[in-house]
Each structure stands twice: as structure tokens, then as C-alpha cells.
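The structure appears below as C-alpha cells.
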Amino acid sequence: MSWSLREKLRRDFVAMLPSRCQVTSAYVRPRQIFNNRTVSLAVKQSRWLRVRDFVFTFVVVAAVNVFSENVFGQDGLVPLRMLTPGESSSAQPTSLAAEFADRLEKNQIEIEKSKKSKEENDSKTAEIELAGYMNVDLNNTMDTADSQKTTSSLASDFAKRLSDVEKSLKKRDEADAKKASTYPTHKITGFLQVDSAFYSQTPRNIATVGDAQDGMGFRRARFAVNGKVAQFTNYQLEVDFAAAGRPSFFDNYVEQGNLPILGDVRIGQFLQPFSVDAMSGFRNLAFLERSLPFLAFVPFRRVGIMSSNATDDDMTHWAYSVFRTGGYNNAPLGDSRFATDFGNVGGYSFSTRLTHLLYYDECEKDRYLWHIGFSYNFSELGADDATGAGANGNAGTPKPFYQSRTTPEFFLGYPENSTTFDTAVNGTPIFVDTGKYQAKNFNLMGIETVYQAGALSLQSEYMATVVESVVGPVFYQGAYGEVMYRLTGEHRGYDKKLASFKNPIPYADFLPLKWDGVRGWGAWGLAARWSVVDLTNPSKLDGHYYNSNSNSFNTTNKAGNGVLNDFTFGVNWYLNQHTKFQFNWIHAMLDNTKKGSSTAELFVTRMQVDF
């Protein structure tokens, strides 16, 4: 028996077992929404019913035993029936106990007779059914001529049945061929996001990071095609028409599933497994952008190979990948929008993520859960050391380097293309920046937890990076905590395959045009987040920063060093499953190591539609 067939049989057997929801449903009235207390009371009630029945039975049996000993004993014989006229008590020797024993014996005899009669009837019935199935007349089996006719009839019936089997097999083969001809399949999907922003900065903030310009534009406009080329072979092609490059290369891969031990194996460019914030997907964010630690530390989309799998109950999920970091364009963090990487110096990386559901309510699916996880990434920084690398007109530097920087949790334009720290020419300015300095590798670690109780969700992560520079290790860290509450009662969906979260689905869409349907105001939610990242360099790095004029690492440039705190308050309006409006107020508090503390207010909006 093949591995896949054994796995299917095992899963089918597990699916037949009664779940906790089926056990407790007999004691709980049907409701649209369960909660932990209801299920707990149901379990306690079922246990109480079993205990009550046992105690009641024990008491009754004990009472009967005591009563029998006192009443039906030798000294206390009680007549089983009333004496008939003319009879004396001496003519009735039968006590209640003796009469009971007599009746018990007669009843046992009747049971044995009934059992024997039933066996005879079953045997006869089986013979009649067998004879009927074989088209044999049981009363004429002794007739020789009739026996010959019966043999001929049996042969004819056998030939007919064989023909029916052949037709059935032929239909099955045709169905399998038709099913195979359905591949490859395809599904068109995508989404677009239109953002607007208004900034209010203090004079010191403008002097530190640059003058942020109000604006409006497309944050993302993605178009993708995904599907199957075989039963377990998936693919996806995706481009973005709003990012730099227009279009830019995003998630493009082929994936082979249902492999023993490995699970699903993916090759191409895709999200590297790290952080629940990263894996939940742009279209599913409760805020306009991900947290500061993600923006500052995570090597996000890269070309590589990944394996992912889960336990049989889907409560534990793991994924690990190998990919390239650096080399062409030396982009150690964020997206690799070129999907091309080469260079003889380093550039090999490893990332892994392990998650587990401490609690998951099967009755309510994704509504009540507690998710935890751990992520780790090791990246050997790469470079292209070919002659002329890093010179004007060529991307990257001839030696590996590390650089971490981020805007507040929103941006317009292309801040990643900014060449200096204190400019806002290309959109929202960078607020914190480590500067570009020579390094060998870095280790990134993260822990995550998400708790969801109906309409309430709590999520938090902590990340820490240790960079192995030319002068020794350099430490950076960041964290965030966020709370989300859906005013209309919906909950976020949970994807067990990715161990990530999805947008809530409104109970009622906003004013549908079909007037005989359910009309409502969609789903409304509030969200708040505190986020912090510390990108302060030690003084031992002085003299090892990149000098673009000489294409070498011999200068000091840490104007962007500091700590950035963001407090974000958001309102989300889900008109339907595929459309939402978002508003975020971001209060950014910057503590720059050179120019001191300053603040900025960002009032930003987004309209999103996906399909």
C-alpha cells in the first residue's frame, strides 16, 4: 500500500471519530456563536448527568437488596397472589422469592426457544435469499431438468453482470481521462490599494529627516495568475504595476505538494518564512503597513527553495528555506524586486519558522484561538566583486555590507531609492537609518503570539538582530503590540497552511443593490498599535561606513542613528468581503542621536479592493 493511500485511510478514520462539538451538542442548544464558557458548562453538564445516573442506580439497587433480605427471607414469607375462596394458607407453600425463581426459570427457557427458532429462521432466510439471488427455485432444486435450466440462467446472468462491470470500469477510465485533461487550471486574482497622506511635522523633525510632502498614489496594483498543472503541482505568476519598475517582479514560483516528510516544496521568488506579520499578506493587514521591526529587519521576498509541512491535526506548522541575500544591488533586507542575484562573495541565507496553536476551538473554527511562534534567519551577506561593481551605473558595492532603515509605518513614493538620509525627494522620508557599513553576516530572531477571542484580537512580536561587522557584533532590536476589535462582531480568519491571518468577512454587506437581500453597514473595526525599533550604532564602527565617492568603506556616516516609536490608531470599514476603507493616525516619536527628539503626525487613508 502506497504512502499516500495509507495517509488517506488514516485521515478518513480520524474524520469518523466524534469531535468535541458532536459530544457536547446534545447538551447545548444550537447557537450561532459559542463561547468557551458555554462549551465548558456543556462538558460539565454531561459529566454531571453520568454521575447522577450512576448514583441513582446504586441507591435503587441497594434499597432492593435490603428490602429482599428483610421481606423475602425464610422468616418473612409473603404470598405472591391472593388466596382463592376455600383455600387455606397451608395450601399455598409458594413464597414471593420462590415464585420469582420459578418465573425466572420459565422465562429463561422461553428465551432459549426463541433464540433457537430465530437461528433456524435466519438460516432458512439466508438459503432463500441465496437461491433468489442465483435465480434458483428452492422447491424445484431436486428436478434435473429444472437444474439444467437454472445452470443456463446462471451463465446468462453472469455474462450480463460481467458486461456491467466492464461498462463501469470504462466509465471510470473515461472520468479519470477527463479529469486529467482539466490541467492546467488557472485562476486570475489581484488587488489594488490607493493611498493618501497628510503630514504635520515639528520644525526639528523637518530639519532631521526632511520635509515630508502630502500626496496621493497607488501603493500596490497587483495582478496574478495561479493554478495547478497537476493534482499536486501548483504555480503562481505575479507582478505589481504600482511599485518601482512598473511592473515589478513579485511572487512567482512552482510548488510540488503531498511529498513525504517534506510536505510542500516551493521554488522561485516568494515570502521567506519569518513572522506572522509578514506571512499574513498585504491585503489582510489591519493597518496600512506592517510594524517597524518588520520594515527594519526582515529579508522579505527572495529567490530560493522552501519546504513547509504541518502535523496531522494542523495544530503545529513549520517551514524552512534557503535563498540568496545581497550580491546584485546588495539588498540585504526587504524585497528583491529584480528576482536576480549574482556575486562571488557570500550571499547564502537560511530562514525558518515554527508555529503552534496552544488553543483552537473546533466548534467555532477560527473564532477562538491562541497562536505562538518562533522564527530564525541567518544571512551571509553577499557582494559582486567584479571589476567596476559599485561604480556609477552599476548597482551594489564590491564588498558585503549591512544597512537597516525605515520610515514610519506608512510611505508614499519610493523611499528605498533615497541615497541620503535627510531628504524627502522620493516620497516619505526615512526616519531611522544605520548607515551602510561593511559586515559579514547577521542572525535575526523573532518570537510571536496572537490571541483571538471572537471580535477581539491581540498580537505581539519581538525581533533582535546581531550583525557580525568587521569590528565585531552589533546589536539591534524592535517590538510591537497591537489590539483589534470588530464592533460588528466578526473575527479574523486563520490560514492553518501558512499559520497566518485573513480579513474578517462581514455578516452583512454594505447596502447591496438586491433589495430583497439582507442590507447592512458591512463590518467595522478599531485597531491600535505601539511599535518601536532601535537602530543605534556603536562608536567602534566609525571609519567603516561606505564612501560612494571612493567606492570603499573608509568614512563615518551615522546621521540617521536613533530610536523610533510609533503609536497608530486605525478605523477599518469592510464594505464586503473584497472591499475595505482604512484610516490611520500615526504619531511618530523620533529620538535622533545627533539632533535629539522630534515628532510627526501622519493622517493617512487607503481604499482597497481585491478579487
Residues in side-chain contact (heavy atoms from CB on, under 4.5 Å) with W530, at least two apart? V532, N565

For [Y], is there any backbone N or O sitting under 3.5 Å from a side-chain donor or acceptor partner on [X]?
{"X": "N572", "Y": "A286", "answer": "yes"}
{"X": "T434", "Y": "L535", "answer": "no"}
{"X": "T579", "Y": "L575", "answer": "no"}
{"X": "N441", "Y": "A439", "answer": "no"}
{"X": "S460", "Y": "Y480", "answer": "yes"}
{"X": "D566", "Y": "S531", "answer": "no"}
{"X": "T352", "Y": "A319", "answer": "yes"}
{"X": "T406", "Y": "L295", "answer": "no"}
{"X": "S200", "Y": "E601", "answer": "no"}
{"X": "Q201", "Y": "G210", "answer": "yes"}

If a pair satisfies salt bridge (Lys or Arg N to Asp or Glu O under 4.0 Å) and one of its residues is in residues 369-380, list it, with sequence neighbours excluded. none

Per the salt bridge (Lys or Arg N to Asp or Glu O under 4.0 Å) rule, what does the pair list look like for residues 186-214, sequence neighbours excluded? D195-R606

Could you tell me whether E255 and K497 have a side-chain N and a carboxylate O separated by less than 4.0 Å? yes

Are any of the side-chain nitrogens in E289 or R220 under 4.0 Å away from the carboxylate oxygens of its partner? yes

Criterion side chain to side chain contact (heavy atoms under 4.5 Å, CB included) on F569 and I586, from CA distance to verdict: CA-CA 7 Å; F569 173 77; I586 305 171; over 6 Å; no

Is there a donor-acceptor contact under 3.5 Å linking the side chains of [X] and [Y]?
{"X": "Q459", "Y": "R492", "answer": "yes"}
{"X": "T325", "Y": "S349", "answer": "yes"}
{"X": "T233", "Y": "Q256", "answer": "yes"}
{"X": "T555", "Y": "N557", "answer": "no"}
{"X": "S275", "Y": "D277", "answer": "no"}
{"X": "T428", "Y": "Y199", "answer": "yes"}
{"X": "N377", "Y": "S379", "answer": "yes"}
{"X": "T593", "Y": "N561", "answer": "no"}

Looking at [atom1] of [X] and [atom2] of [Y], how far apart are the two atoms once the value is rounded to the nearest 0.5 Å?
{"X": "L458", "Y": "Y451", "atom1": "CG", "atom2": "OH", "value": "8.0 Å"}
{"X": "R290", "Y": "F410", "atom1": "CZ", "atom2": "CZ", "value": "15.5 Å"}
{"X": "E490", "Y": "I505", "atom1": "CD", "atom2": "CD1", "value": "9.5 Å"}
{"X": "Y545", "Y": "Y437", "atom1": "OH", "atom2": "OH", "value": "7.5 Å"}
{"X": "D610", "Y": "N503", "atom1": "CG", "atom2": "CG", "value": "7.0 Å"}
{"X": "H356", "Y": "H371", "atom1": "NE2", "atom2": "NE2", "value": "11.0 Å"}

Criterion side-chain hydrogen bond (donor to acceptor under 3.5 Å, both in side chains) on W318 and S307, from CA distance to verdict: CA-CA 8 Å; W318 61 91; S307 171; 6.0 Å; no

Evaluation steps, side-chain hydrogen bond (donor to acceptor under 3.5 Å, both in side chains), between D313 and T311: CA-CA 5 Å; D313 58 2; T311 54; 2.7 Å; yes

Is there a side-chain hydrogen bond (donor to acceptor under 3.5 Å, both in side chains) between Q403 and D433? Walk through the geometry before answering. CA-CA 7 Å; Q403 182 179 23; D433 188 350; 3.3 Å; yes

So do the side chains of [X] and [Y] get within less than 4.5 Å of each other, counting heavy atoms only?
{"X": "N205", "Y": "T599", "value": "no"}
{"X": "V432", "Y": "R405", "value": "no"}
{"X": "E448", "Y": "R353", "value": "yes"}
{"X": "W573", "Y": "K580", "value": "no"}

For residues 222-230, dump all side-chain donor-acceptor pairs below 3.5 Å to protein atoms at least two apart in sequence or in another chain.
unit_1, atom_1, unit_2, atom_2, d
R222, NE, D240, OD2, 2.8
K228, NZ, Q231, O, 3.2
K228, NZ, N234, OD1, 3.0

I'd like to check the salt bridge (charged side-chain N to carboxylate O under 4.0 Å, His left out) partners of D251; sequence neighbours left out, ordered by chain and number. R301

More than 12 heavy atoms of other groups within 6.0 Å of Y320 OH: yes

Which residue, D495, L369, D366, N284, forms the side chain to side chain contact (heavy atoms under 4.5 Å, CB included) with F501? L369

Side chain to side chain contact (heavy atoms under 4.5 Å, CB included), that's the test. Do V303 and R324 meet it? Break it down for me. CA-CA 6 Å; V303 177; R324 292 275 296 182; 5.9 Å; no

Could you walk me through whether R266 and D264 pass the side chain to side chain contact (heavy atoms under 4.5 Å, CB included) test, one step at a time? CA-CA 7 Å; R266 180 179 296 184; D264 301 331; over 6 Å; no

Given the rule in the side-chain hydrogen bond (donor to acceptor under 3.5 Å, both in side chains) test, do Q477 and Y462 qualify, once you have shown the distances and angles that lead to the verdict? CA-CA 8 Å; Q477 61 181 336; Y462 171 79; 2.8 Å; yes

In terms of ring plane angle, is the pair Y402 and F442 parallel, tilted or perpendicular, where the classes change at 30° and 60°? perpendicular

Return the minimal non-hydrogen interatomic distance between S291 and R529, and the atom names on each side. N-NH1, 3.6 Å

Test log, rule side chain to side chain contact (heavy atoms under 4.5 Å, CB included), inputs Y253 and M306: CA-CA 11 Å; Y253 58 82; M306 177 179 72; over 6 Å; no

Taking the six-membered ring of Y360, is NZ or CZ of K496 closer than 6.0 Å to its centre and within 45° of its axis? yes

With ring centroids as reference points, do F401 and Y546 lie under 6.0 angstrom apart? no

Please list all pairs meeting ring pair (Phe, Tyr, Trp, His ring centres under 6.0 Å) that have one or both residues in residues 255-302, counting only residues at least two apart or in different chains. F294-F300

side-chain hydrogen bond (donor to acceptor under 3.5 Å, both in side chains) with Q608: of R219, R283, Q193, Q582, only one passes, and it is Q193

